[in-house]
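Only this structure's heavy atoms are used, side chains among them; waters, hydrogens and symmetry mates stay out.
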Amino acid sequence: MAAYRNTIEYRVWGRYAMFSDPICRMGGERLSYQVPTYQALKGITESIYWKPSIMWVIDSVRIINPVKTENKNIRPISYNMPKSDLSVYTYLAEPVYEVRAHFIPNPYRTEPDLIEDGQNEDKHYQIALRMVEKGGRRDIFLGTRECQAYVEPCVYGERESFYAGTGRVNLGVMFHSFAYPDETGKDELGVRLWRAEMTDGEIKFPQPEQCDKSMYRFVRKMERKKFGKKYNNFTAEEEGDIL
């Protein structure tokens, strides 16, 4: 049962997925994690419905299909050499996930119109439910743009996971999420890591503020982007949602 009243539940699937392990990208090749990261699922949820006045929190994900990989030979564009080298990308094949997420008002949005908009919980919840029904407001991708995906509503836990009954599996240290200034109030970009575990095919994520602070890494200074009608960076559709 969902712990939050504004929870959405959806199934996302595609032919391929690529949740890049940053350690394996140093040589120009890519290797996907075995399971989706918190940040990837948050990006999918924001593609379904997003507003700067709210923040999505990913509660958990269920891995429905068995983890399978498929290698592809890729020739990425090289800007420093006369010809490109051949790289091998390792994708996840036929992934299916069930996701549970909820949203909270963004406490770091100080623009008056966004403060008022963030408190209108039921409006955002009803729109989010409709967007899940329609398959998302924007295109859905599983990690990278070449991995097109699709979304539909589901009852979380309805399908049996391939890993049901397998108990607890230690997935090691994984990338959790980016710490953007829009969501932390700090003028910096950071990276959160965590020790991931899967139990019977389900991964329950710690919320960003619950991540081990010793595994936080500073990346660079970054300023918070400001939103609002006076900054003229809303589309007509988004302005209509605020008014």
Side-chain angles (χ1 to χ4, degrees), residues 1-24 31-48 55-70 90-104 125 128-129 132-133 135-136 140-144 147 149-178 191-212 214-215:
M1 184 176 179
Y4 303 93
R5 64 184 180 183
N6 59 9
T7 295
I8 63 170
E9 298 174 348
Y10 63 86
R11 183 180 299 110
V12 58
W13 76 97
R15 189 173 180 182
Y16 297 106
M18 170 60 76
F19 309 111
S20 299
D21 185 341
I23 295 176
C24 300
L31 171 67
S32 177
Y33 282 122
Q34 295 176 314
V35 296
T37 63
Y38 180 98
Q39 186 67 44
L41 296 174
K42 184 179 177 184
I44 291 171
T45 309
E46 290 178 343
S47 293
I48 294 172
M55 292 194 302
W56 282 106
V57 178
I58 308 302
D59 300 310
S60 57
V61 61
R62 297 182 69 244
I63 314 302
I64 305 301
N65 283 358
V67 175
K68 298 184 295 184
T69 60
E70 184 174 321
T90 303
Y91 294 86
L92 298 178
E94 305 297 336
V96 179
Y97 308 113
E98 288 181 356
V99 182
R100 175 179 281 167
H102 72 280
F103 65 85
I104 59 175
Y125 182 51
L129 290 177
V132 173
E133 289 278 355
I140 307 296
F141 307 103
L142 284 168
T144 56
C147 299
Y150 308 92
V151 164
E152 67 179 5
C154 76
V155 177
Y156 188 84
E158 182 179 47
R159 286 193 181 183
E160 183 177 2
S161 169
F162 177 82
Y163 298 98
T166 57
R168 190 171 68 176
V169 178
N170 188 340
L171 300 173
V173 176
M174 286 182 60
F175 168 71
H176 181 277
S177 58
F178 287 112
V191 169
R192 306 182 187 96
L193 304 176
W194 75 302
R195 300 186 184 278
E197 290 185 349
M198 180 174 70
T199 303
D200 294 331
E202 182 180 35
I203 300 172
K204 295 183 178 180
F205 294 102
Q207 296 188 11
E209 63 272 13
Q210 297 172 336
C211 289
D212 188 345
S214 67
M215 301 182 75

Where is the tightest heavy-atom contact between [X] and [Y], given as atom of each residue plus distance?
| X | Y | value |
| --- | --- | --- |
| M18 | T144 | CB-OG1, 3.6 Å |
| Y33 | P22 | OH-CD, 3.5 Å |
| R15 | P95 | O-CD, 3.8 Å |
| A196 | N170 | O-OD1, 3.5 Å |

Would you mind reporting whether [Y] and [X] have side-chain heavy atoms less than 4.5 Å apart?
| X | Y | value |
| --- | --- | --- |
| I140 | W13 | no |
| V61 | V35 | no |
| P208 | Y38 | yes |
| Y156 | S60 | yes |

| query | For E70, what residues pass the salt bridge (Lys or Arg N to Asp or Glu O under 4.0 Å) criterion, not counting sequence neighbours? | reply |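 By the salt bridge (Lys or Arg N to Asp or Glu O under 4.0 Å) rule, E70 matches no residue at all.
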Residues in ring pair (Phe, Tyr, Trp, His ring centres under 6.0 Å) with [X], at least two apart?
| X | value |
| --- | --- |
| F175 | F178 |
| F141 | none |
| F162 | none |
| F19 | none |

Not counting sequence neighbours, which residues clear side-chain contact (heavy atoms from CB on, under 4.5 Å) with [X]? List them please.
| X | answer |
| --- | --- |
| Q210 | P206, Q207 |
| T90 | L31, T69, N71 |
| N6 | Y4, H102, F103, E121, Y125 |
| A128 | I8, Y49, W56 |

| task | Indicate whether the side chain of T45 and that of Y10 have a donor and an acceptor atom separated by less than 3.5 Å. | result |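 Y10 and T45 do have a side-chain donor-acceptor pair below 3.5 Å.
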| said: Please enumerate all residues that pass side-chain hydrogen bond (donor to acceptor under 3.5 Å, both in side chains) together with D21, with sequence neighbours excluded. | reply: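 Per chain and number, D21 pairs via side-chain hydrogen bond (donor to acceptor under 3.5 Å, both in side chains) with no residue.
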| task | Kindly write out the residues that satisfy side-chain hydrogen bond (donor to acceptor under 3.5 Å, both in side chains) with T37, not counting sequence neighbours, or none if the list is empty. | result |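 With sequence neighbours excluded, T37 shows a side-chain hydrogen bond (donor to acceptor under 3.5 Å, both in side chains) to no residue whatsoever.
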| field | Of all pairs that satisfy side chain to side chain donor-acceptor pair (under 3.5 Å), the ones with a partner from residues 157-166, not counting sequence neighbours | value |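 Passing the test, one end in residues 157-166: no pairs.
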Give, for atom [atom1] of [X] and atom [atom2] of [Y], the distance between the pair rounded to the nearest 0.5 Å.
| X | Y | atom1 | atom2 | result |
| --- | --- | --- | --- | --- |
| H176 | R195 | NE2 | CZ | 14.0 Å |
| I58 | K42 | CD1 | NZ | 8.0 Å |
| Q34 | I63 | CD | CD1 | 10.0 Å |
| K204 | R100 | NZ | CZ | 8.5 Å |
| E152 | E133 | CD | CD | 9.5 Å |
| L92 | N65 | CG | CG | 11.0 Å |

| field | Test log, rule side-chain contact (heavy atoms from CB on, under 4.5 Å), inputs V12 and Y150 | value | CA-CA 6 Å; V12 58; Y150 308 92; over 6 Å; no
| Any donor-acceptor pair under 3.5 Å from E9 side chain to E98 backbone |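 It does not hold such a pair.
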| query | F205 vs W194 aromatic rings, parallel, tilted or perpendicular, using cut-offs 30° and 60°? | reply |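 Because their plane-to-plane angle lies in the 30° to 60° range, the rings of F205 and W194 count as tilted.
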| task | Please say whether more than 12 non-hydrogen atoms of neighbouring residues, nucleotides or ligands are located less than 6.0 Å from CD in E202. | result | yes
| request: Check the pair M198 / R168 against side-chain contact (heavy atoms from CB on, under 4.5 Å), numbers first and verdict last. | output: CA-CA 6 Å; M198 180 174 70; R168 190 171 68 176; over 6 Å; no
